[in-house]
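Read the structure below first, then the notes.
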Amino acid sequence: MPHGRKDFGSTPQRTGYSQVAKVAVQETTLCVKEMHGAIADKSFNVFRRIPLLCWPAQLVQAVHDSISAGVYATIHHGSGGILEAAAILERQHSSPGKPPGRFASGLHSALNGAFGDHLAASNNLLAINMAIRVHGNSVPLNTDALRSAFPEADRRLCVFVHGLGCDEHCWECTDRGEPAAACESHFGHQLQAEFACTPLYLRYNTGLPIAENCAQLAVFLEDLLTAWPQPASELLIIGHSMGGLIARGACDQAVAAGMQWPQSTRMLICLGSPHLGSPLERLGQLATTALKLSAVTRPLGNIAATRSQGIKDLRRGPGAPQTLPEPHTIAFRFLGASLAKNVEHPLSEFLGDGLVPLSSAITHEIEGDVESARIGKLGHLGLLNDTRVYRQIREWLGVLYEAETPAER
């Protein structure tokens, strides 16, 4: 298959939540055991240095080590056996044809955000495969399946790419008292009504390395446009947080590989994406390094270090853009937010949207058609369904489509 194409519809079926819980319990037990041992060693070392207490201290330590080893072994194997039995029941009672509810889907996506690379490497059935989702079900990338899932498919399509630990539900309207189709904060419905754009919602494993997700998305969009029911289709992409980084990286990789979909892509809009990296993840990396400096806290540092590579990659952003054989024809738009009401105030940059500083959200090294905007009194997750955000999106798209001739529309 060209461009390293893979089957996005296949799902491994080896383990599930019970296996993840088993690993978590056993890893936590090992962490506590290591900390217990480190603290005990420090205490016994003091007594062994006292001449009259040296031999009694060695005897007491031998008894202590024997008892504690038995206790931890019992916890390790006992929990393993119980959760192994739970895993058997889980496999017997799972319903692969029935999609999970929103809460279960959110938990699933959060788990992938934290440990998705480990899930994928262990072939765990909980590892999310990149796919367009409709009512929780993945849609295969073939024309018949897409036509069935999107019977009113238009020539324009907009792919929404969520951020770390989220799924497609994050784009839904938050105003419970208003129908989704009439809610201005539901970007997909509004784009469909005003610009005839068919909204498609991507779900993917946010715990994988960012570069790997970029490569997967590049291939995925090539397959999507090839199979889309409407010919000569054009693409818009809206990415939130990590989703914007992945979409931006996919554009670079697709152009470098000579794929066709970038030529059909009109605009990429990044909402609160940390193009200069996330200060919180850099702080997390420093904390992990500090924990590993002491034998007592080293087990905690080892646990912190098991967070997914996708999270770790956020500390440096997408990196410098690739050297491309030809410049982008895509219009890039960057939107940043600040918790401060006045985005011009010096405090606004410091606060950012609570997770991403303003400068990180709107700074870029891309040449061509690039614009940025800022919104005040708005948090990171608020970017997903705030009416002011949609108005900015509408303004950008309005300028884009007003510049077209009737024959180009």
Measuring centre to centre across the rings, with the benzene-like ring taken for any Trp, is Tyr201 within less than 6.0 Å of His169? no
Backbone of Ile330 reached by a side-chain donor or acceptor of His328 within 3.5 Å: no
Check: Ser348 main-chain N/O paired with Ser338 side-chain donor or acceptor under 3.5 Å: yes
Is it the case that the side chain of Ser148 and the backbone of Asp144 share a donor-acceptor pair, with hydrogens and angles ignored and the cut-off at 3.5 Å? no
Looking at every non-hydrogen atom in both residues, tell me the closest pair between His275 and Ala361 and how far apart they are. CD2-O, 3.3 Å
Determine whether a donor-acceptor pair (N or O, by modelled atom type, separation under 3.5 Å) exists between the side chain of Thr206 and the backbone of Leu164. no
Short question: side chain of Asn112, backbone of Ile128 - any donor-acceptor pair under 3.5 Å? yes
Has Asp117 got a side-chain atom pairing as donor or acceptor with Gln309's backbone, closer than 3.5 angstrom? yes
Aromatic contact, His240 with His380 (centres under 6.0 Å): yes
Answer whether the closest heavy-atom distance between the side chains of Ile362 and Arg374 falls below 4.5 Å. yes
Using the rule given for side chain to side chain contact (heavy atoms under 4.5 Å, CB included), can you reason through Tyr204 versus Met242, listing the C-alpha separation, both sets of side-chain angles and the distance that settles it, and then say yes or no? CA-CA 11 Å; Tyr204 66 101; Met242 178 188 281; 3.9 Å; yes
Min side-chain heavy-atom separation Asp369-Arg333 under 4.5 Å: yes
Closer than 4.0 angstrom, basic N to acidic O: yes or no for Asp154 and Arg156? no
Between Leu225 and Leu157, which heavy-atom pair has the shortest distance, and what is it? CD2-CD2, 3.9 Å
If only atom types and distance count, is the side chain of Thr265 paired as donor or acceptor with the main-chain N or O of Leu235 below 3.5 Å? no
For the residue pair His118 and Phe115, categorise the inter-ring angle as parallel (less than 30°), tilted (30 to 60°) or perpendicular (more than 60°). tilted
Under the criterion side chain to side chain contact (heavy atoms under 4.5 Å, CB included), I'd like the reasoning laid out for Leu339 against Leu378: C-alpha separation, chi angles, the key distance, then a yes or no. CA-CA 5 Å; Leu339 297 173; Leu378 186 64; over 6 Å; no
Pairing donors with acceptors under 3.5 angstrom, does anything connect the side chains of Thr329 and Gln263? no
